[in-house]
Protein chains: 2
Amino acid sequence: MRDKPKRTRIQRKNIETILEAALEVFSQYGFRGSTLDQIAQTAGLSKPNLLYYFPSKEAIHVELLSELMDTWLDPLRALDAGGEPIPEILAYVDRKLEMSRDFPRESRLFANEILQGAPRIEEAIKGELKELVDEKAAVISGWIDAGKIAPVDPYHLIFSIWSLTQHYADFEVQVQWILAERSKTSFEDAKAYLDQLFTKMLRT
Amino acid sequence: MRDKPKRTRIQRKNIETILEAALEVFSQYGFRGSTLDQIAQTAGLSKPNLLYYFPSKEAIHVELLSELMDTWLDPLRALDAGGEPIPEILAYVDRKLEMSRDFPRESRLFANEILQGAPRIEEAIKGELKELVDEKAAVISGWIDAGKIAPVDPYHLIFSIWSLTQHYADFEVQVQWILAERSKTSFEDAKAYLDQLFTKMLRT
DNA sequence: AAAATGTTTGACCATCTGGTCAAGATCACG
DNA sequence: CGTGATCTTGACCAGATGGTCAAACATTTT
């Protein structure tokens, strides 16, 4: 795909600046809700300058999403078929929850895209993502057959991990507003709650 | 608030048609991603005609959201402090999951709004919603203190129910694409999985 | 059946938005 | 330093979009 980008110092810097600004804006307002002017201003560049580095608004968005897709799947990739089942799954939950805390904009960008029907990443979901999920679901099934964890639907187990962890990034304002009087430990509380939940779910 | 709407037959019919069309469009493309022309076309009316019934695009959106807010909270309102704790909570989970199945557009509209920082329903969340959650969290705490269910953080319990059930509406395409070969029973499977999850979580 | 009230729409407008372009500014390098 | 390549931008454009309005059309009331 990438045939020797051979980018100059300025290109590297500006492309990075643009993608950072675009992430900020797209994750907050969605694709159609964001304007090139907003992104340009956030990046500290002029609009025509953005379009010198990217052919279109959509190209910026696609670039962001495809970069994201990779790192987004890393926590699941790291699920080790050779490890101890319950600690492996709990570690996966923790990694996902940390991503929600450390990269909430990426989570929202992804959520926005799926909500709109995922027009721009349909292929990646049906391909790469599905393959990985199928593979890891098989690992979990293996653990179940070996009697190492309680029998649960492995696909819904994975969905539930996604949903629970991403909720804390995607619905952050709601969580914060409801837990208003609680001091800033909400992520620690969430971690404890999720560990408890999945431990009980998986113990035989 | 509503001081005798005194609407004509035509008004009632058209307002309903507009809101239905707006729900269809807004839930799919978000607020900024939707146009009055789209809504008008979906409703089978002309654009100026929409604006005869609503003063602006935003007014349509706000009306939808405030109508939604009410029915959205009904399942939680029905949680009965006098009932048997575990069946009560499982019934709540089931009601929420049924809403995801039967009203996915409403769920997506809500998700879209929260993702954007909930600018138009901040008050309702900090007021009505928070009050209800505080009340029901207290009910759950009472059950815990009485030793009827396992000790869990009641707020995170409620968040987890929201997140898990709404996931099946908001991320429907993703779920469907990954469970592609499975026949259409995904909601039944989800129900069984969630019942299992919360039963194990709450049993003492 | 008029009059009054309520409904619909074609034409129009100002603004916003993604994108273009030519000319100027800056940089890399022999 | 000079020259070709790279980078930047003000001015501009076409189409989309939210919204207005006066005039036509329909319905209800008297």
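Just so it is clear, the structure is predicted and the values come from calculations on it, not from any experiment. Each chain gets a letter, A, B and so on, in the order its sequence line appears, and its residues count up from 1.
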Exercise for the section: Give a yes or no on whether the backbone of B/Trp177 and the side-chain of A/Lys130 come within a donor-acceptor separation of less than 3.5 Å. Expected result: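 Judged by distance alone, no pair lies under 3.5 Å.
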
Taking [atom1] from [X] and [atom2] from [N], how many angstroms apart are they, rounded to a whole number?
| X | N | atom1 | atom2 | result |
| --- | --- | --- | --- | --- |
| A/Leu50 | C/dT20 | CG | C1' | 14 Å |
| B/Arg32 | D/dT17 | CZ | P | 11 Å |
| A/Arg12 | C/dA28 | CZ | P | 11 Å |
| A/Ile60 | C/dT17 | CD1 | C1' | 14 Å |
| B/Tyr52 | D/dA26 | OH | P | 15 Å |
| A/Gln11 | D/dT8 | CD | P | 9 Å |
| B/Leu36 | C/dT9 | CG | P | 15 Å |
| B/Lys47 | C/dT7 | NZ | C1' | 18 Å |

Verify the contact: side-chain N or O of [X] to OP1 or OP2 of [N], cut-off strictly under 4.0 Å; return yes or no.
| X | N | answer |
| --- | --- | --- |
| B/Thr8 | C/dT7 | yes |
| A/Asn14 | D/dT6 | no |
| B/Arg9 | C/dG6 | no |

Exercise for the section: Go through C/dT9, D/dG19, C/dG19 for me and flag the one nearest to the B/Asn49 side chain. Expected result: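 Comparing C/dT9, D/dG19, C/dG19 against the side chain of B/Asn49, the answer is C/dT9.
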
Practice task
Output the single nucleotide from C/dT20, C/dT9, C/dC27 whose closest atom is nearest the side chain of A/Leu51.
Solution key: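 It is C/dT20.
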
Problem - Position toward the 5' end of DNA chain D (nearest nucleotide), B/Pro48 or B/Ile10 - result: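 By nearest-heavy-atom nucleotide position, the 5'-most residue is B/Pro48.
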
Exercise for the section: Assign each of A/Gly44 and B/Glu58 to its nearest nucleotide of DNA chain D by heavy atoms, then name whichever residue's nucleotide is nearer the 5' end. Expected result: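 In this pair, the answer is A/Gly44.
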
Exercise for the section: Please evaluate the base of D/dG19 for a donor-acceptor partner in the side chain of B/Lys57 within a cut-off of under 3.5 Å? Expected result: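 No.
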
Exercise for the section: Output yes when B/Arg95 and B/Asp74 qualify as a salt bridge under the 4.0 Å nitrogen-oxygen rule, no when they do not. Expected result: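 Salt bridge: no.
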
Exercise for the section: First locate atom OH of B/Tyr52, then atom CG of B/Leu50, and finally report the distance between them rounded to the nearest 0.5 Å. Expected result: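 Separation between the atoms: 13.5 Å.
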
Practice task
Please examine the side chains of A/His156 and B/Gln196, heavy atoms only from C-beta on, and report whether any two atoms are closer than 4.5 Å.
Solution key: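 A side-chain contact under 4.5 Å is absent here.
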
Exercise for the section: Answer yes or no on whether B/Arg120 is positioned over the face of B/Phe31, meaning its NZ or CZ is under 6.0 Å from the six-membered ring centre and within 45° of the axis. Expected result: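 That pair qualifies as a cation-pi contact.
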
Exercise for the section: Have a look at B/Phe54 and say if it touches a base, only the backbone sugar-phosphate, or nothing, with a 4.0 Å heavy-atom cut-off. Expected result: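 Nothing, no nucleic acid heavy atom in range.
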
